[in-house]
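One-based numbering, in listed order, for ligands and for the atoms of each.
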Amino acid sequence: MGSVQPDLLVDPKTRNVNDVAHKIVAVGSRSVDKAQQFIDTSLGGDKTIKAFGSYAEVYNDADVDVIYVATPHTYHYENSLDAIKAKKHVLCEKPVTSNRAELQSLLDAAKENDIFFMEAMWTRFQPLSLEFKKISDSGQLGLPISVHADLSGNFDIHNIPNTHRILDPKLGGGALLDLGPYPLVWAIMALYEAPANGATNPTITGSILKTPITGVDCNTSFTLNFSQSKLAAQAVLSCSINTDALDPGVTIRYEKGTIKIASPIYVPKSFVVQYLDEHGALAKEEKKFFEYVGRGMHFQADEVARCIRDGKKESTLWSHEKSLLEMLIFDEVRKQGGYELPPGVEKVV
Ligand SMILES: NC(=O)C1=CN([C@@H]2O[C@H](COP(=O)(O)OP(=O)(O)OC[C@H]3O[C@@H](n4cnc5c(N)ncnc54)[C@H](OP(=O)(O)O)[C@@H]3O)[C@@H](O)[C@H]2O)C=CC1
Ligand SMILES: O=C1OC[C@@H](O)[C@H](O)[C@H]1O
């Protein structure tokens, strides 16, 4: 089961949104009882929501416009493809697929079927991120020089079953695919999207330490050099499944200042901007706080609704190009780190 649904119940007016609204029409599960249980426990028992015992029934329901895919990573490709073939728009959880080839195949199918498709990179749409982007891109801090970002989580890997999605290689287990999208989204926002970079791809170096429990990546770090444009900047990114997250989780240094993003970096509630004087000493510090009703997943849902209303097939803020870059980076880091998914798991290679 996914996690965007409870946020869809929040009145959009609480976040000053008046132009779009959301309605949960159906919940699909491999078990109808589980679908009904989710409706009862997470969606207030709303009798108007249909409980289906298969995903196909959701894809084929005439009242459904958009499918939210929130199965384990290695099922995103086939679930999204089935939805697209049924002519439904798709919001698919991160990481969007197991590899870049699967994503390209999905994007081809979305184009052929004239369907909107977006990876659920919810962090990109939060008000904090929009405010961060204004400051970062304005030039008031000068050019960005480096991004240090980490997302780790202690999943108690010695005590959870090997079949847990975080440990099972068949489900794309490990740190990179699950947690890696979040340090990466900050590097993409600060560096890839920086006006001076002009959407130029970085060079990629990755290192992986695997857990002997199942062989998935336990501690992964990757660096991205953005130096083929007017920018000369480096992102140093990391993720682990056996330790807690750093706080602040993201530090971005610029020629004339620093921005520190509070943990958790997937839904931060504050950041600090430090302005340096001409001697490099701290001249001024500003802290910005963000509050809203809900967990913060509704902002991406608003984007999906607006794009579909306006006939768009992709979001500008989290475009297909950015998801493709993400998968290119993850493929390369897994290659350099020697983490191969079991044969047959990747449906397109
Ligand atoms: N944006 C965010 O903050 C978050 C995003 N995620 C993303 O959402 C996805 C799902 O994560 P999470 O909910 O923790 O995962 P779970 O392991 O809890 O699986 C979610 C559901 O997927 C269904 N499912 C379908 N096929 C399988 C299978 N072979 N094995 C196990 N479950 C299967 C099950 O539903 P059923 O039996 O009802 O069909 C299950 O309840 C991941 O890709 C993750 O990256 C996760 C957490 C937070
Ligand atoms: O998307 C996510 O965000 C929070 C993490 O704890 C979780 O494992 C991940 O899937």
Query - Sorted by chain and number, the residues that approach ligand 2 to under 4.0 Å with a heavy atom - result: K94, F155, R165, D178, Y182, Y266
Query - Contact atoms of ligand 1, heavy-atom distance to M297 under 4.0 Å - result: 1 (N), 2 (C), 3 (O)
Query raised in the report: Using a heavy-atom cut-off of under 4.0 Å, does the side chain or the backbone of R30 touch ligand 1, or both, or neither?
Result: both
Report summary line: Under 4.0 Å from one or more heavy atoms of W122, ligand 1 contributes atoms 1 (N), 2 (C), 3 (O)
Query raised in the report: Within the distance-only criterion (no hydrogens, no angle test), does the side chain of S105 pair as donor or acceptor with the backbone N or O of A101 below 3.5 angstrom?
Result: no
Query raised in the report: Does S31 come within less than 4.0 angstrom of ligand 1, counting non-hydrogen atoms of the residue?
Result: no
Query raised in the report: Of all the atoms in ligand 1, which lie at a distance below 4.0 Å from a heavy atom belonging to Y182?
Result: 1 (N), 2 (C), 3 (O)
Query - Heavy-atom donor-acceptor pair, K88 side chain to V64 backbone, under 3.5 Å - result: yes
Report task. Check whether any side-chain N or O of D217 sits under 3.5 Å from a backbone N or O of T220 as a donor-acceptor pair, and report yes or no. Result -> no
Query raised in the report: Between the main-chain N or O of L143 and the side-chain N or O of E255, is there a donor-acceptor pair closer than 3.5 Å?
Result: yes
Query raised in the report: Out of E93, R295, M121, Q37, who gets a non-hydrogen atom closest to atom 6 (N) of ligand 1?
Result: E93
Query - R253, CZ: over 12 other non-hydrogen atoms inside 6.0 angstrom - result: no
Report summary line: Going by the 4.0 angstrom heavy-atom rule, the piece of K94 near ligand 1 is both
Query - Close approach, Y55 and ligand 1, non-hydrogen under 4.0 angstrom - result: yes
Query raised in the report: Which bit of D178 gets closer than 4.0 Å to ligand 1, counting heavy atoms only: side chain, backbone, both or neither?
Result: side chain
Query - Distance-only donor-acceptor check, side chains Q104 and D108, under 3.5 Å - result: yes
Query raised in the report: How about K111: does its NZ atom have over 12 heavy atoms from other parts shown lying under 6.0 Å from it?
Result: no
Requested in this report: May I ask you to decide if A109's main-chain N or O and N113's side chain share a donor-acceptor pair within less than 3.5 Å?
Outcome: yes
Report summary line: Min over P181, P72, S54 of heavy-atom distance to atom 19 (O) of ligand 1 lands on P72
Query raised in the report: For ligand 1, does F52 get within less than 4.0 Å through its side chain, its backbone, both, or neither, judged by non-hydrogen atoms?
Result: neither
Query raised in the report: Hey, are E303 and S315 close enough side-chain-wise for a donor-acceptor pair under 3.5 Å?
Result: yes
Query raised in the report: Does any N or O in the side chain of S138 come within less than 3.5 Å of the main-chain N or O of I135, such that one atom is a donor and the other an acceptor?
Result: yes
Query raised in the report: Quick one: does D247's side chain have a donor or acceptor within less than 3.5 Å of a partner on S263's backbone?
Result: yes
Requested in this report: May I ask you to decide if the ring planes of H76 and H73 are parallel, tilted or perpendicular, using 30° and 60° as cut-offs?
Outcome: perpendicular
Report summary line: Near H76 (heavy-atom distance under 4.0 Å), the atoms of ligand 1 are 43 (O)
Query - Nearest neighbour of atom 16 (P) of ligand 1 from the list Q300, H164, R165, on a heavy-atom basis - result: R165
Query - Y75 contact mode with ligand 1 (heavy-atom cut-off under 4.0 Å) - result: side chain
Requested in this report: Answer side chain, backbone, both or neither: which part of H73 comes under 4.0 Å from ligand 1, heavy atoms only.
Outcome: both
Report summary line: Honestly, for Y266 the part within reach of ligand 1 (heavy atoms, under 4.0 Å) is neither
Query - Non-neighbouring partners of D114 that pass salt bridge (Lys or Arg N to Asp or Glu O under 4.0 Å), sequence neighbours left out - result: K313
Query raised in the report: Between F290 and F271, what is the ring plane arrangement, given parallel below 30°, perpendicular above 60°, and tilted in between?
Result: parallel
